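Note sheet for the following structure.
Numbers restart at 1 for each chain; the letters A, B, ... are given by sequence-line order, proteins then strands. Both backbone and side-chain heavy atoms feed into the values below; hydrogens, waters and symmetry mates do not. Just so we're clear, the structure is a prediction, and the values are computed from it rather than from any experiment.
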Number of protein chains: 2
Amino acid sequence: MGTHHQGTEQEVRALDACIKLVRAAESVSSQIHHHLEAVNLTVSQFGVLEALWHLGTLSQSDLAHKLLRSGGNMTLVIDNLEKRQLVRRDRQSRDRRVVQVCLTDAGTQLIQEIFPRHVAAIVQTMNILTATEQEELGRLCRRLGRQE
Amino acid sequence: MGTHHQGTEQEVRALDACIKLVRAAESVSSQIHHHLEAVNLTVSQFGVLEALWHLGTLSQSDLAHKLLRSGGNMTLVIDNLEKRQLVRRDRQSRDRRVVQVCLTDAGTQLIQEIFPRHVAAIVQTMNILTATEQEELGRLCRRLGRQE
DNA sequence: CCATAATACTTTGATATTAAATAATTGGAT
DNA sequence: ATCCAATTATTTAATATCAAAGTATTATGG
């Protein structure tokens with residue numbers, strides 16, 4: 001497996017590592033999110049619920065920044081969560097441009113129910129690697145990830 | 001950085017590695033595809049052109065399988081490439097269900113023009129890591145990736 | 001030969017995603 | 001006080017993406 005490119009050693013090595021990185025992330029991502037089907041949540045919706053659960057009420061731009069998505073996207077994802085009454089929008093009076101988003105009781109209950117499944121799925125998927133290998137993977141990936 | 005989850009060591013380690021893997025892949029992916037803006041191609045469209053260039057004419061289901069996307073998705077992506085006359089559809093007479101997709105001259109010219117930029121971007125991005133580290137990353141990711 | 005199953009593609013409906021344009025609000029400078 | 005720039009959210013248009021339903025074609029079993 002790997003690249004079909006005929007190039008220098010450096011090129012082949014970089015392309016190969018890159019392809020495997022992207023494939024691994026896609027594969028892991030699809031495995032760990034499989035359980036979301038059962039509760040009819042998309043990955044983005046889950047991301048919002050998780051962020052709100054761990055960080056508390058956030059504005060839409062905070063959420064967009066955290067999840068590395070555009071503001072327009074957040075508007076839609078939160079629309080869909082709001083339709084199911086899993087989150088609530090609140091326009092604050094101190095700055096009326098800002099929309100604060102928080103979990104409803106139903107949203108809190110749902111994320112509390114599914115987060116353990118999420119953790120279990122990640123542990124199971126990542127346990128293909130040993131503890132040392134996971135740490136090594138983390139170190140390498142951190143250097144490639146967005147510098148914040 | 002990492003997870004906000006309070007759990008066992010095993011859980012924290014797995015979540016941490018998982019988050020960094022997915023973030024790294026997103027970051028790398030966005031960096032290496034940045035040059036596609038200049039030629040107004042999407043990542044999916046580029047994927048199709050690249051596959052056709054390296055592997056020659058393929059059926060839509062071959063493409064869907066290679067690129068790990070649904071058949072319905074391929075229909076749309078190829079529609080959009082066909083509108084720009086970068087690829088051509090051919091219904092074969094031996095099995096009229098199958099649509100073979102091939103590069104047009106314009107498509108070949110375009111992929112030949114941009115593929116070197118693609119390689120250069122990957123080399124530049126991945127060179128954050130040493131050669132040995134890239135190989136190690138490749139080994140770890142291969143084990144996490146889809147088993148084919 | 002014919003009914004049925006399997007395959008390949010298309011269509012539809014829903015959600016995601018971005019960039020760009022718009023609207024509302026705020027803060028600062030003159 | 002008023003104008004201008006920055007910020008925040010929404011809308012729009014285009015593409016992506018999947019699952020599921022639909023259509024056409026081919027293969028198979030009796």
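At whole-Å resolution of the value, CD in B/Glu37 and P in C/dT18 are 12 Å apart. Rounded to whole Å, the distance from CG on B/Leu76 to C1' on C/dT15 is 14 Å. Remark: P of C/dA16 and CZ of B/Arg69 are 16 Å apart, rounded to the nearest angstrom. When the C1' atom of C/dT10 is taken as reference, atom CD1 of B/Ile78 falls 12 Å away, rounded to whole Å. Rounded to an integer number of Å, the gap from A/Gln92 CD to C/dT25 C1' is 14 Å. In this structure, A/Met74 atom CE and C/dT15 atom P are separated by 15 Å, rounded to whole Å. Rounded to whole angstrom, the span from the CZ atom of B/Arg94 across to the P atom of C/dA8 amounts to 13 Å. At whole-Å resolution of the value, NE2 in A/His65 and C1' in D/dT7 are 14 Å apart.
Under 3.5 Å, the side chains of A/Thr108 and A/Asp105 contain no donor-acceptor pair of N or O atoms. No hydrogens or angles considered: a donor-acceptor pair under 3.5 Å links the side chains of B/Ser59 and B/Ser61. Side-chain contact, B/Thr130 with B/Gln134: no donor N or O sits under 3.5 Å from an acceptor N or O.
Salt bridge B/Arg89/B/Asp79: present, at least one basic N to carboxylate O contact under 4.0 Å. A salt bridge links B/Arg139 with B/Glu136: the distance from a Lys NZ or Arg NE/NH1/NH2 to an Asp or Glu carboxylate oxygen falls below 4.0 Å. Using a 4.0 Å cut-off between charged nitrogen and carboxylate oxygen, A/Asp62 and A/Lys66 do not count as a salt-bridge pair.
Not a single donor-acceptor pair under 3.5 Å links the side chain of A/Thr57 to the backbone N or O of A/Gln100.
Atom CD of B/Gln112 has more than 12 heavy atoms from other residues, nucleotides or ligands within 6.0 Å. Within a 6.0 Å sphere centred on CD of A/Glu135, heavy atoms belonging to other residues, nucleotides or ligands number more than 12. The neighbour count for A/His34 NE2, taken as heavy atoms of other residues, nucleotides or ligands under 6.0 Å away, does not exceed 12. Heavy-atom contacts from other residues, nucleotides or ligands closer than 6.0 Å to CD of A/Gln92 number more than 12.
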Is there any protein nitrogen or oxygen under 3.5 Å from a nitrogen or oxygen in nucleotides 3-7 of chain C, and what are the pairs?
{"from": "C/dT7", "atom 1": "O4'", "to": "B/Arg97", "atom 2": "NH1", "distance (Å)": "3.4"}
{"from": "C/dT7", "atom 1": "O2", "to": "B/Arg97", "atom 2": "NH1", "distance (Å)": "3.1"}

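Distances from the side chain of A/Asp95 to the nucleotides D/dA16, C/dT26, D/dT25 place C/dT26 closest. Ranking C/dA16, D/dT25, D/dA16 by closeness to the B/Asn73 side chain, first place goes to D/dA16. Taking the side chain of B/Val98 as heavy atoms from C-beta on, and the options C/dC9, D/dA9, D/dT26, the nearest nucleotide is C/dC9. Of the candidate nucleotides D/dT25, D/dT17, C/dC9, D/dT25 has the atom lying nearest to any side-chain atom of B/Arg96.
Residues satisfying the side chain to side chain contact (heavy atoms under 4.5 Å, CB included) criterion with A/His35, sequence neighbours excluded, are A/Ile114, A/Arg117, A/His118. In this structure, the side chain to side chain contact (heavy atoms under 4.5 Å, CB included) partners of A/Arg96, at least two apart in sequence or on a different chain, are A/Arg91.
Of the residues in residues 79-91 of chain B, those placing a heavy atom less than 4.0 Å from an atom of DNA chain C are B/Arg89, B/Arg91, in numerical order. Proximity of residues 40-64 of chain B to DNA chain C (heavy atom under 4.0 angstrom from any strand atom) is restricted to B/Ser59, B/Gln60, B/Ser61.
Heavy atoms only, all atoms of each residue included: A/Ala106 and A/Gln85 are closest at CB-O, 3.9 Å.
A rotation axis mapping the C1' atoms of four pairs onto the next four is fitted at both ends of the helix from C/dC1-D/dG30 to C/dT30-D/dA1 over five pairs, and the angle between these axes is 0° to 10 degrees.
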